[in-house]
Amino acid sequence: MQQAPENERLEVLFSPETIAVRLEELAGEIAAQRLEPLLVVAVLKGSFVFAADLIRALNRTGMQPEVDFITLSSYRKSRVSSGTVDILRDVELDVAGRNVLLVDDVLDSGRTLAFAKDLMSARDARSIRTCVLLNKNTPRAVDIGADFFAFECPPIFVVGYGMDVGHRFRELPFVGRIVGE
Ligand code: IMP
Ligand code: MG
């Protein structure tokens, strides 16, 4: 176990090696769907590490996706979804007529991904697929599933590999849980 500040300890759930192996498989699953020309839209901030690794894994399959970013917020500083989703920063590219792959870190209540999907749909995307690192085993507030996911995740709060609590732990190379708080 890695020692974290303020006497918190982190238990590794998904190691860097486990993530790397699974991402190669996941990229293969996405490539098999023949979605090109593909526009990857990473939902910031939490997905930035996952998206960075995923697009390079997609490149190794021979894909050449375009990449854009949207910053959405439903969590603020709290660990519990607030129920509303805000656009903090919008995509730059026109998504009309595009095959869009929305990439997020966690599918939890589903509100964030459902919001992003509705937004892309309202802007006349040609097709919309969703891909998350973690498919959390929690009740969804809205009826949405991920088309692609790397791992099933228990209903606990996780950090690392881009994911934070109060802006901390994004830099960790693994996905972990905080224990002994
Ligand atoms: P949803 O809208 O409830 O599905 O939540 C999805 C968003 O909440 C994700 O994009 C994450 O940013 C955040 N989130 C959900 N669970 C966790 C977690 O365990 N750790 C860090 N962020 C989380
Ligand atoms: Mg997020």
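All ligand and atom numbering here is 1-based and tracks the order in the structure.
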Need the ligand 1 atom indices (1-based, order shown) with element for anything under 4.0 Å from a heavy-atom of [X].
{"X": "D164", "answer": "21 (C)"}
{"X": "K136", "answer": "16 (N), 17 (C), 18 (C), 19 (O)"}
{"X": "S109", "answer": "1 (P), 2 (O), 3 (O), 4 (O)"}
{"X": "G110", "answer": "1 (P), 3 (O), 4 (O)"}

Query raised in the report: Hey, does L134 sit under 4.0 Å from ligand 1 if you only count heavy atoms?
Result: no

Query - Any G46 heavy atom less than 4.0 Å to ligand 1 - result: no

Query raised in the report: Which of the listed options, L72, V106, V43, holds the heavy atom that is closest to atom 6 (C) of ligand 1?
Result: V106

Requested in this report: Please work out whether any backbone atom (N, CA, C, O) or any side-chain heavy atom from C-beta onward of T112 is under 4.0 Å from ligand 1, and answer side chain, backbone, both or neither.
Outcome: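 Both backbone and side chain of T112 come within 4.0 Å of ligand 1.
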
Query raised in the report: With a 4.0 Å heavy-atom cut-off (strictly under), which part of I156 contacts ligand 1: side chain, backbone, both or neither?
Result: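 Under 4.0 Å from ligand 1, I156 contributes backbone atoms alone.
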
Query raised in the report: Are I70 and I128 connected in a single hydrophobic cluster, I mean Ile/Leu/Val/Met/Phe/Trp/Tyr linked by side-chain heavy atoms less than 4.5 Å apart?
Result: yes

Is it true that [X] and [Y] have a side-chain N and a carboxylate O under 4.0 angstrom from each other?
{"X": "D90", "Y": "R123", "result": "yes"}
{"X": "D143", "Y": "R140", "result": "no"}
{"X": "R98", "Y": "E66", "result": "yes"}

Query raised in the report: Any sub-3.5 Å donor-acceptor pair from R168's side-chain atoms to D164's backbone N or O?
Result: no

Query raised in the report: Is any N or O atom of V158, backbone or side chain, closer than 3.5 Å to an N or O atom of ligand 1?
Result: yes

Query raised in the report: Does any N or O atom in D105 lie less than 3.5 angstrom from one in ligand 1, N or O only?
Result: yes

Query - Distance-only donor-acceptor check, side chains T138 and D108, under 3.5 Å - result: yes

Requested in this report: Examine the side chains of Y161 and D105 and answer whether a donor and an acceptor come within less than 3.5 Å of each other.
Outcome: no

What pairs of donor and acceptor atoms, side-chain ones from residues 25-49 against any protein atom, are under 3.5 angstrom apart with sequence neighbours left out?
| unit_1 | atom_1 | unit_2 | atom_2 | d |
| --- | --- | --- | --- | --- |
| E25 | OE1 | R22 | NH1 | 2.9 |
| E29 | OE2 | R22 | NH1 | 3.0 |
| E29 | OE2 | R22 | NH2 | 3.3 |
| E36 | OE2 | Q64 | N | 2.7 |
| S47 | OG | V43 | N | 3.3 |
| S47 | OG | V43 | O | 2.8 |
| S47 | OG | V103 | O | 3.4 |

